[in-house]
Amino acid sequence: APPGMGARHPEIIGDGVLVVTSKFDSWRSATGAERDRLDVLGIDREGRLVVAELKRDRAPDTVEMQAIKYAAMASRFTPDVVASQHAEFLRRRGTTVLDEDAMVRLVKHVGGDLDPDVLRQPRIVLVASAFPPVVTASVVWLSEMGLDVTLVRIQAYRGQGDQMIVSVSQLYPVSDVEEFTVAPVRASARRA
């Protein structure tokens, strides 16, 4: 993915996702600061955090583990921390806002107060040009175990001049097969 694409185009990581912050690296544990850097943290319209890892090319074999680690750490965000980080993100982009203003923006986006219990269950979105089989197998299993993980494939092409064309497609979970089939209506359904 081109640099900054997830923060500039949050639709890549999901419909209705508002970017809370990007390049977040302010983690702290009992033993001190952690050096990990989360690519994009968003929030969807249901009030769930969205942890997104964006890779420019093929995803490394451990990208899902990296994202799980970030989701675990982000699950500790309180509504006030989410608002504070969003305010800081907006200030870095040139908009002067107080934490309270950022909270109002977040509440408006989700249509109500931020629920701490919902914040504790982040979704994961992995974006790359390709995913190794070990990652796709892990993601399928994690999904079967109840974790909300999405794989998004992004491909960039050069058009004429400096024009860049970007193709974005959801690789997993796959669309329901029923969306692609045509079947006869049963007689009992017709009568009803």
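Count residues from 1 along the sequence.
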Engineer: Check whether any side-chain heavy atom of Val19 lies under 4.5 Å from a side-chain heavy atom of Phe89, and answer yes or no.
Structural biologist: yes
Engineer: Can you confirm whether Val135 sits close enough to Ser138 that some side-chain heavy atom of one is under 4.5 Å from a side-chain heavy atom of the other?
Structural biologist: no
Engineer: For the atom pair NZ (Lys108) and CG (Leu18), what is the distance rounded to the nearest 0.5 Å?
Structural biologist: 11.5 Å
Engineer: Specify the closest pair of heavy atoms between Val110 and Leu114, including all atoms of both residues, with the distance to one decimal.
Structural biologist: CG2-CD2, 3.8 Å
Engineer: Do Lys23 and Asp39 meet the salt-bridge criterion of a basic N to acidic O distance under 4.0 Å?
Structural biologist: no
Engineer: Please tell me whether Val134 and Val140 are part of a single hydrophobic cluster in this structure, the criterion being side-chain heavy atoms less than 4.5 Å apart.
Structural biologist: yes
Engineer: Does His109 offer a backbone N or O that forms a donor-acceptor pair with the side chain of Arg45 under 3.5 Å?
Structural biologist: yes
Engineer: Any link between Ile13 and Leu126 through a network of hydrophobic side chains (Ile, Leu, Val, Met, Phe, Trp, Tyr) touching at under 4.5 Å?
Structural biologist: no
Engineer: Of the non-hydrogen atoms in Ala74 and Leu49, which two are nearest, and what is the gap between them?
Structural biologist: O-CD1, 3.6 Å
Engineer: Would a distance-only check, ignoring hydrogens and angles, find a side-chain to backbone donor-acceptor pair under 3.5 Å from Arg120 to Ala72?
Structural biologist: no
Engineer: Go through Leu38 and Asp25 one step at a time and tell me if the side-chain contact (heavy atoms from CB on, under 4.5 Å) criterion holds.
Structural biologist: CA-CA 6 Å; Leu38 169 61; Asp25 63 357; over 6 Å; no
Engineer: For residues Ala83 and Ala102, report the shortest heavy-atom separation together with the two atoms involved.
Structural biologist: O-CB, 3.3 Å
Engineer: Is Gln66 close to Glu53 at the side-chain level, that is, under 4.5 Å between some pair of heavy atoms?
Structural biologist: yes
Engineer: Could you tell me whether the side chain of Ser129 and the main chain of Arg58 form a donor-acceptor pair under 3.5 Å?
Structural biologist: yes
Engineer: So does Asp80 get a backbone contact from the side chain of Ser84, meaning a donor-acceptor N/O pair under 3.5 Å?
Structural biologist: no
Engineer: Which other residues belong to the hydrophobic cluster containing Val118, where Ile, Leu, Val, Met, Phe, Trp and Tyr are joined when side-chain heavy atoms lie under 4.5 Å apart, directly or via other members?
Structural biologist: none
Engineer: Look at the side chain of Thr95 and the backbone N and O of Arg91, then say whether any donor-acceptor pair between them is shorter than 3.5 Å.
Structural biologist: no
Engineer: Counting C-beta onward and ignoring hydrogens, is there a side-chain heavy-atom pair between Ile68 and Leu142 closer than 4.5 Å?
Structural biologist: yes
Engineer: If Ile, Leu, Val, Met, Phe, Trp and Tyr residues are connected whenever their side-chain heavy atoms lie under 4.5 Å apart, and connections chain through other members, are Met73 and Phe77 in the same group?
Structural biologist: yes
Engineer: Could you walk me through whether Val82 and Leu106 pass the side-chain contact (heavy atoms from CB on, under 4.5 Å) test, one step at a time?
Structural biologist: CA-CA 9 Å; Val82 173; Leu106 292 166; 3.7 Å; yes
Engineer: What pair of heavy atoms forms the shortest contact from Val17 to Pro10, and how long is it?
Structural biologist: O-CB, 3.4 Å
Engineer: Applying side-chain contact (heavy atoms from CB on, under 4.5 Å) to Arg123 and Thr150, what does each step give before you reach the verdict?
Structural biologist: CA-CA 8 Å; Arg123 294 180 1 197; Thr150 301; 5.6 Å; no
Engineer: Quick one: closest heavy-atom pair of Asp61 and Pro132, and the distance?
Structural biologist: OD1-CG, 3.3 Å
Engineer: Give the cluster check for Tyr172 versus Met145: same hydrophobic cluster or not, with ILVMFWY residues linked at side-chain heavy-atom distances below 4.5 Å.
Structural biologist: yes
Engineer: Does a side-chain heavy-atom distance below 4.5 Å link Phe24 with Arg37?
Structural biologist: no
Engineer: Does a salt bridge link Arg48 with Asp148, judged by any charged N lying under 4.0 Å from a carboxylate O?
Structural biologist: yes
Engineer: Tell me whether Gln170 contacts the main-chain N or O of Pro173 through its side chain, where contact means a donor paired with an acceptor under 3.5 Å.
Structural biologist: yes
Engineer: Can you see which heavy atom on Ile124 is nearest to which on Ala67, and at what distance?
Structural biologist: CG2-CB, 3.5 Å
Engineer: From Leu171 CG over to Ile154 CD1, what is the distance, rounded to the nearest 0.5 angstrom?
Structural biologist: 13.0 Å
Engineer: Membership question, hydrophobic clusters at under 4.5 Å side-chain separation (ILVMFWY): are Val50 and Val168 in the same one?
Structural biologist: yes
Engineer: Without swapping roles, check the side chain of His86 against the backbone of Val81 for a donor-acceptor pair under 3.5 Å.
Structural biologist: no
Engineer: Does any non-hydrogen side-chain atom of Lys69 lie less than 4.5 Å from one of Met65?
Structural biologist: no
Engineer: Mind running side-chain contact (heavy atoms from CB on, under 4.5 Å) on Met103 and Arg105 for me, showing each step along the way?
Structural biologist: CA-CA 5 Å; Met103 180 64 84; Arg105 185 173 187 212; over 6 Å; no
Engineer: Does the side chain of Asp113 reach to within under 4.5 Å of the side chain of Val107, using non-hydrogen atoms?
Structural biologist: yes
Engineer: Is any side-chain heavy atom of Leu119 closer than 4.5 Å to one of Ile43?
Structural biologist: yes
